[in-house]
Amino acid sequence: MKYWLMKSEPDTYSIDDLEREGVNMWEGCRNYTVRNFFRDQFQIGDRALFYHSNAEPSGIVGEMEVVSLAYPDPTQFDPASDYFDPKSPREIPRWLAVDVRFRRRYPRIIPLAEIRTIPELGAMGVVQRGQRLSVMPVTPEEMRIIRALVGLPAED
DNA sequence: GCCAACGTTGGC
DNA sequence: GCCAACGTTGGC
């Protein structure tokens with residue numbers, strides 16, 4: 001099982017939305033590194049931290065579970081979508097999506113400012129200057145530390 | 001709202 | 001295939 005961190009602006013899609021809906025298609029990623037993570041590394045059962053970006057405060061707000069393998073993101077073919085990509089060939093879709101399921105909301109937000117104070121979390125992409133990937137891997141040790149911050153066991 | 005960082009695009 | 005211009009991300 002792999003661990004991930006996935007960012008969303010809560011004004012666009014928040015953990016409240018995911019908690020209400022249960023399962024959601026994580027669509028609209030238009031970055032090749034993220035596309036390759038989806039294609040090559042995402043597995044059903046992987047866990048992901050839900051991170052609110054451009055938020056007050058920005059930080060980790062809960063966890064979700066990957067419940068599908070990657071599949072072509074339908075929004076790339078939808079002219080009405082903000083994510084429409086007219087250059088993506090239908091036969092070889094350029095962009096992928098995965099389905100995620102709500103697992104838990106943390107009892108409190110873990111703000112980015114707090115993550116920055118923990119030396120063992122210094123390698124996380126989310127604390128690194130200029131790191132803008134919306135999906136990035138998290139190590140088991142980082143996951144353990146983050147869960148401990150909110151009183152959860154390392155395994156669940 | 002500002003702006004640094006960096007991925008992507010496109011001219012050549 | 002280089003690289004400048006442009007657009008986007010996202011913290012502050």
Side-chain angles (χ1 to χ4, degrees), chain A residues 2-21 24-42 46-66 68-100 102-139 141-143 145-150:
Chain A
K2 287 186 182 296
Y3 300 116
W4 304 94
L5 180 145
M6 300 170 78
K7 298 178 186 173
S8 180
E9 300 194 14
D11 289 349
T12 304
Y13 195 83
S14 73
I15 195 162
D16 305 270
D17 298 315
L18 183 62
E19 183 168 25
R20 188 175 57 249
E21 295 172 7
N24 180 55
M25 175 172 68
W26 203 270
E27 86 282 12
C29 289
R30 295 294 180 264
N31 172 284
Y32 289 104
T33 302
V34 173
R35 191 276 308 271
N36 295 345
F37 284 150
F38 282 169
R39 185 190 61 198
D40 303 333
Q41 298 194 45
F42 265 58
D46 285 357
R47 302 295 157 78
L49 299 167
F50 196 134
Y51 179 91
H52 280 176
S53 60
N54 260 321
E56 201 48 60
S58 293
I60 297 167
V61 293
E63 289 181 25
M64 48 200 171
E65 177 174 356
V66 177
S68 80
L69 294 175
Y71 57 90
D73 179 347
T75 65
Q76 70 197 302
F77 303 123
D78 177 3
S81 170
D82 289 344
Y83 303 125
F84 180 54
D85 182 354
K87 294 182 190 161
S88 179
R90 278 200 174 263
E91 323 77 63
I92 324 160
R94 182 176 294 183
W95 306 116
L96 302 174
V98 298
D99 292 341
V100 293
F102 178 83
R103 274 193 75 80
R104 63 166 59 90
R105 176 192 298 273
Y106 283 167
R108 64 182 183 87
I109 298 172
I110 304 175
L112 179 59
E114 178 178 350
I115 298 169
R116 287 192 196 285
T117 67
I118 301 170
E120 293 81 4
L121 299 181
M124 292 188 77
V126 83
V127 305
Q128 282 165 16
R129 185 181 177 79
Q131 170 60 270
R132 297 174 312 160
L133 288 179
S134 63
V135 173
M136 57 185 86
V138 173
T139 69
E141 178 65 3
E142 289 162 346
M143 198 72 184
I145 293 167
I146 286 161
R147 283 177 171 159
L149 287 174
V150 289

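Quantities reported herein were computed from a predicted structural model and do not represent experimental measurements.
At a cut-off of 3.5 angstrom, counting only N and O atoms as typed in the model, there is no donor on one side facing an acceptor on the other between the side-chain of A:R30 and the base of C:dT8.
Nearest to the side chain of A:K7, among C:dT8, C:dG11, C:dG10, sits C:dG10. Checked against B:dA4, C:dC12, B:dT8, the side chain of A:R116 finds its nearest nucleotide in C:dC12.
A centroid separation of less than 6.0 Å is found between the aromatic rings of A:F50 and A:W26. Aromatic rings of A:W95 and A:Y71 (six-membered ring for Trp) have centroids beyond the 6.0 Å cut-off, not under it.
Look at CD on A:Q128: it is 15 Å from C1' on C:dG11, rounded to the nearest Å. As rounded to whole Å, 12 Å separates atom P of B:dC6 from atom CE of A:M136. Atom-to-atom, CG of A:L112 to C1' of C:dT9 comes out at 14 Å; the value is rounded to the nearest Å. Counting to the nearest Å, the P atom of B:dC6 and the CD atom of A:Q131 are 8 Å from each other. In this structure, CG of A:D85 is placed 16 Å from P of C:dG7, rounded to the nearest angstrom. Distance, A:I60 CD1 to C:dG11 P: 12 Å, rounded to whole Å. Taking atom CE of residue A:M6 and atom C1' of nucleotide C:dG10, one finds them 18 Å apart after rounding to whole Å. Note: CZ (A:R132) to C1' (B:dC3) measures 12 Å, nearest angstrom.
Remark on DNA chain B: of its neighbouring residues A:N31 and A:K87, the 5'-side contact belongs to A:N31, judged by nearest-heavy-atom nucleotide. Where A:G130 and A:R94 each meet DNA chain B at their nearest nucleotide, the meeting point lying more 5' is that of A:G130.
OP1 or OP2 of B:dA5 lies within a sub-4.0 Å distance of a side-chain N or O belonging to A:R129. Residue A:Y51 places at least one side-chain N or O closer than 4.0 Å to OP1 or OP2 of C:dG11.
Annotation for A:R47 and A:M143: closest pair CB-CE, 4.5 Å, computed over non-hydrogen atoms.
A:N36 and A:T33 form no side-chain donor-acceptor contact under 3.5 Å, judged by distance and modelled atom types alone.
With a 4.5 Å cut-off on side-chain heavy atoms, A:L133 and A:N31 count as touching.
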